[in-house]
Amino acid sequence: MKVLKFGGTSVANAERFLRVAEIIENNAKQEQTATVLSAPAKITNHLVAMVEKTVAKQDIQTNIYDAEKIFADLLAGIAKALPNFAYEKMKKFALNELNNVKQLLEGIRLLGQCPDSINATIICRGEKLSIAIMEELLKAKGHEVTVINPVAMLIAQGDYLESTVDIVESSHRISEMRIPSDNIILMPGFTAGNEKGELVVLGRNGSDYSASVLAACLRANSCEIWTDVDGVYTCDPRIVPDAKLLQTMSYQEAMELSYFGAKVLHPRTILPIAQFQIPCLIKNTNNPDAPGTLIGANVIDSSTPVKGITNLNNMAMINVSGPGLKGMVGMSARVFSAMSYAGISVVLITQSSSEYSISFCVPQTELYRAEEALSEEFYLELKDGLLEPIEVIEKLAIISVVGDGMRTLRGLSANFFTALARANINIVAIAQGSSERSISVVVDNDVAVMGVRVTHQMLFGTDKMLDVFVIGVGGVGGALVDQIGRQQKWLKNKQIDLRVCGLFNSKHSVLNRDGINLDNWRDQIKQSETNYNLNGIIEFAKNNRLLNPILVDCTSSSDVSDKYVDFLANGFHVVTPNKKANTSSMAYYLRLRQEAANSKRKFQYDTNVGAGLPVIENLQNLLNAGDELIKFSGILSGSLSFIFGKLDEGMSLSEATKLAKEKGFTEPDPRDDLSGTDVARKLLILAREAGLQLELDQINVESVLPAEYSQGNIDEFMAKLPQLDAQFKEKSEKAAKEGKVLRYVANIDGDQCSVKIEAVDAEDPLYKVKNGENALAFYTRYYQPIPLVLRGYGAGNDVTAAGVFADILRTTSGKIGG
Ligand code: ADP
Ligand code: ASP
Ligand code: MG
């Protein structure tokens with residue numbers, strides 16, 4: 001004997017019903033088969049909603065309409081595929097059942113409330129219909145069918161909405177039925193009867209439990225739970241798409257996983273089959289050939305000591321504490337018997353070792369009753385101050401790590417907690433299952449999904465997900481997006497899932513939480529009709545529970561850089577070539593770093609100085625290793641490197657500037673370069689990095705141009721520039737006579753910073769730097785008298801974008817989730 005159970009999605013429509021019938025037939029060819037069915041997907045939700053809304057005096061028309069339509073389409077579809085299906089009979093049957101539901105609802109409306117007994121008879125109607133339809137379908141295919149009426153045969157105790165089946169009594173009753181061995185057996189899930197013969201249900205999702213109970217009653221050889229995934233995964237695949245499929249797991253592991261929230265199995269499913277050592281297979285109706293997951297007694301799989309990570313949301317934690325607890329015998333027994341008496345399930349317990357407090361979690365929906373029960377039980381102790389007022393924390397979730405192998409695995413909890421800490425998730429409480437098969441933590445509801453993801457990433461070493469939002473997709477930003485598009489596959493092989501979730505220019509934006517297709521991103525952004533709003537990006541990342549959102553600011557705007565603090569505070573890493581943040585006030589500079597530390601996020605700006613050259617990182621490494629900056633000199637502007645290099649070759653200042661402009665080396669207005677402000681900003685960033693507390697106006701800047709050149713438009717300026725040629729020619733020739741060349745140099749000397757034209761000799765590391773190259777010479781305690789010199793292209797979209805790309809990847813270094 002074999003028991004099969006098909007869940008709601010497996011019987012969602014006519015096509016799937018027919019497929020299920022085929023699976024039943026194939027199995028019945030091998031051995032006698034009993035099948036348990038759920039209601040078609042969504043039906044139970046509609047029925048539950050109808051009851052709740054009727055009590056709340058709300059309209060239920062759409063629920064009725066949708067439910068009727070599901071059955072009408074289902075029956076019509078089956079009739080079309082199977083002409084001798086008893087279509088009219090079933091249509092009438094379905095209509096009757098739904099009319100009966102409507103009558104009951106009308107009664108509820110008049111009464112203003114719904115007794116649990118009536119509620120139970122309404123919400124299990126979908127199962128009843130599923131079985132009636134399958135019975136006719138199999139009969140139409142020529143099979144003999146026996147339907148087990150669960151109200152008469154599965155005898156259960158408990159309340160109407162959450163009962164537990166008595167297997168001994170039910171086995172007895174079913175065996176009395178003497179079902180012919182050639183019959184296909186069917187039974188509606190979710191449903192049972194109490195000793196009075198009234199209908200009860202087994203709790204939401206309870207058809208799995210019906211199946212395991214039936215398997216136990218029939219002493220079946222196996223029990224198969226057919227659903228919409230290939231088996232049990234290490235995590236809910238909807239939360240972690242790259243969760244791993246488990247081949248096997250023990251009964252205890254399955255029990256613990258389902259208890260702590262793995263929806264693929266109802267928590268009570270395992271006990272009956274474990275009791276009779278019946279192997280249980282989880283299979284996919286949409287992929288019947290996949291092997292599935294085997295749950296059994298002797299299936300020790302030591303290759304995966306951790307089997308899964310789950311979350312249970314909507315919990316509340318109650319804390320009972322006070323001097324009265326210490327050493328007082330029987331206090332915890334009283335706490336928990338009060339809960340048990342009130343019929344409240346306690347999901348998790350922690351006790352402080354000082355015995356001063358007991359904390360436990362109950363479902364949020366039970367909180368009110370739990371508080372009432374405790375106030376009643378401890379009325380005197382509370383009044384006399386032996387207990388402190390009962391403390392409650394709401395909106396919590398439990399994240400659990402489950403696996404038989406955890407008992408012997410060292411460092412697992414350390415990894416679990418590290419993962420959560422790095423994602424900046426606060427742990428409210430910790431509990432270890434007494435079997436050492438599970439560890440659970442209590443966290444805020446809002447961060448539960450993220451917690452599961454980071455833990456999975458840490459324990460299973462799955463892909464690191466980076467969710468990038470690029471603001472400003474012109475030169476550098478555009479090159480960056482192209483580079484990411486080319487590298488995505490390569491990174492994926494290195495287990496980095498780099499997705500661009502948002503692209504923004506000043507007018508348009510494209511957002512996609514699963515990552516924008518980068519093949520045609522330019523068209524997408526052109527065609528988009530939405531405009532961006534910085535706060536909207538934060539909301540978007542929150543709503544979609546992105547694990548590692550990264551703001552990449554490729555603008556030069558201070559409107560964006562002024563918001564970095566908000567982004568960091570909201571869990572974003574910030575990566576940018578934009579110098580505005582690091583050169584704004586010292587106060588903002590420090591706040592940014594403080595916020596990044598608080599939220600354990602990274603602020604990466606290596607491209608602020610020297611574009612793609614690894615300047616900041618090297619400087620930080622030196623300082624971290626205890627080195628000290630004594631002196632710095634550098635050429636920090638590509639355009640000025642080019643222009644001054646040309647002066648050595650005898651070109652005039654105006655010609656060199658014109659050429660640099662034509663080659664695109666300068667800003668559109670070359671005065672932005674020649675004024676020296678941009679170099680001063682870069683120098684300020686270096687100086688601050690080295691520990692100097694300076695503002696931009698404390699840097700001595702000698703502009704290449706006299707003040708009056710700032711007037712007029714670009715053309716007027718270019719026309720006037722030759723007037724300076726003679727003066728520069730003279731300076732340059734004078735330098736040449738001394739064996740020197742002119743360079744536009746940024747200096748740090750002690751706490752003095754300056755930017756000016758200097759004549760440097762052949763010994764100087766800047767002597768040969770021209771043609772747009774940058775050079776940075778760091779004279780430090782370790783590097784002197786020969787300095788550490790970094791040289792190379794310090795401008796250009798591609799090199800800068802590559803530097804930004806490297807910064808994006810640095811956000812993951814040594815970290816998961818943050
Ligand atoms: P059915 O209607 O067949 O009873 P359910 O929706 O109750 O199906 O359960 C199957 C769903 O359980 C899957 O679609 C999946 O999203 C969810 N699920 C949660 N945790 C896990 C897990 N660890 N492994 C597999 N599926 C899981
Ligand atoms: N139909 C019921 C529910 O949705 C039982 C089940 O499908 O397991 O809760
Ligand atoms: Mg289910």
Side-chain angles (χ1 to χ4, degrees), residues 4-13 16 20 23 36-49 51 67 70 119-120 122-131 150 161-163 187-192 200-214 224-247 249 253-269 282-287 290 292-293 295 304 306-313 399-403 448-449 452-453 455-456 460:
L4 311 178
K5 177 260 167 176
F6 295 88
T9 47
S10 302
V11 290
N13 55 36
R16 294 195 190 161
V20 167
I23 297 174
V36 172
L37 294 185
S38 286
K42 299 193 186 141
I43 288 295
T44 315
N45 285 350
H46 281 306
L47 293 167
V48 169
V51 173
I70 289 173
N119 194 343
I122 293 176
I123 62 177
C124 70
R125 224 42 89 95
E127 274 70 8
K128 190 175 176 190
L129 278 161
S130 285
I131 287 296
L161 298 176
E162 185 100 36
S163 277
M187 185 184 86
F190 191 36
T191 323
V200 298
V201 292
L202 304 173
R204 286 304 307 267
N205 223 355
S207 296
D208 299 333
Y209 178 49
S210 301
S212 78
V213 161
L214 186 62
E224 295 183 358
I225 309 279
W226 291 72
T227 180
D228 60 352
V229 283
D230 276 350
V232 182
Y233 285 84
T234 47
C235 246
D236 186 339
R238 283 172 304 189
I239 296 183
V240 177
D242 60 345
K244 295 186 166 117
L245 182 64
L246 298 167
Q247 285 175 358
M249 63 199 308
E253 286 171 328
M255 201 147 23
E256 214 107 347
L257 264 188
S258 59
Y259 177 78
F260 284 118
K263 194 194 167 211
V264 64
L265 276 181
H266 184 276
R268 280 188 296 162
T269 313
I282 313 296
K283 298 220 15 136
N284 190 348
T285 313
N286 305 318
N287 185 15
T293 300
I295 302 170
T304 38
V306 175
K307 287 297 191 308
I309 300 150
T310 57
N311 59 310
L312 257 185
N313 285 25
I399 301 179
S400 307
V401 178
V402 174
V449 167
V452 167
R453 287 188 182 149
T455 308
H456 194 269
F460 290 96

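Order of listing sets the numbers, starting from 1, for every ligand and every atom in it. Values below: all heavy atoms of this structure, side chains included; hydrogens, waters and symmetry mates excluded. Since the model is a prediction, treat every value here as computed from it, not as a measurement.
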ask   = Under 4.5 Å between any side-chain heavy atoms of Ser210 and Lys5, yes or no?
value =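 Counting from C-beta outward, Ser210 and Lys5 never come under 4.5 Å.
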ask   = Are any N, O or S atoms from Asn205 nearer to the Mg ion (ligand 3) than 2.8 Å?
value =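 Yes, since at least one N, O or S atom of Asn205 sits under 2.8 Å from the Mg ion (ligand 3).
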Would you mind checking which non-hydrogen protein atom is closest to [atom], with the distance to 0.1 Å?
{"atom": "atom 6 (O) of ligand 1", "answer": "Lys263 NZ, 2.8 Å"}
{"atom": "atom 2 (O) of ligand 1", "answer": "Gly8 N, 3.0 Å"}
{"atom": "atom 11 (C) of ligand 1", "answer": "Asp228 OD1, 3.9 Å"}
{"atom": "atom 17 (C) of ligand 1", "answer": "Arg238 NH2, 3.6 Å"}

ask   = What are the atoms of ligand 1, with element, lying closer than 4.0 Å to any heavy atom of Val232?
value =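 This gives 24 (N) as the contact atoms.
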ask   = Do the side chain of Thr310 and the main chain of Leu257 share a donor and acceptor less than 3.5 angstrom apart?
value =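 No, Thr310 side chain to Leu257 backbone: no donor-acceptor pair under 3.5 Å.
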request  = Please work out whether any backbone atom (N, CA, C, O) or any side-chain heavy atom from C-beta onward of Lys5 is under 4.0 Å from ligand 1, and answer side chain, backbone, both or neither.
outcome  =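 Lys5 to ligand 1: side-chain contact only, backbone stays beyond 4.0 Å.
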task = Classify the contact between Ile225 and ligand 1 as side chain, backbone, both or neither, using a heavy-atom distance cut-off of under 4.0 Å.
result =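 Looking at Ile225 and ligand 1, no heavy atom falls under 4.0 Å.
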message = Heavy atoms only: which of Thr9, Asp236, Val229 lies closest to atom 21 (C) of ligand 1?
response =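 Considering heavy atoms of Thr9, Asp236, Val229, the nearest to atom 21 (C) of ligand 1 sits in Asp236.
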inquiry  = If you take the nearest heavy atom of each of Lys263, Glu127, Arg204, which one is closest to atom 4 (O) of ligand 2?
reply    =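 The option holding the nearest heavy atom is Arg204.
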task = Determine, step by step, whether Asn45 and Arg204 satisfy the side-chain hydrogen bond (donor to acceptor under 3.5 Å, both in side chains) criterion, reporting the C-alpha distance in whole Å, the side-chain angles of both residues, the deciding distance to 0.1 Å, and the verdict.
result = CA-CA 10 Å; Asn45 285 350; Arg204 286 304 307 267; 2.8 Å; yes
query = What atoms of ligand 2 come closer than 4.0 angstrom to any heavy atom of Thr44?
reply =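 Those qualifying, in numeric order: 1 (N), 2 (C), 3 (C), 4 (O).
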Sub-4.0 Å heavy-atom approach of Gly8 to ligand 2 =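 Heavy atoms of Gly8 never come under 4.0 Å of ligand 2.
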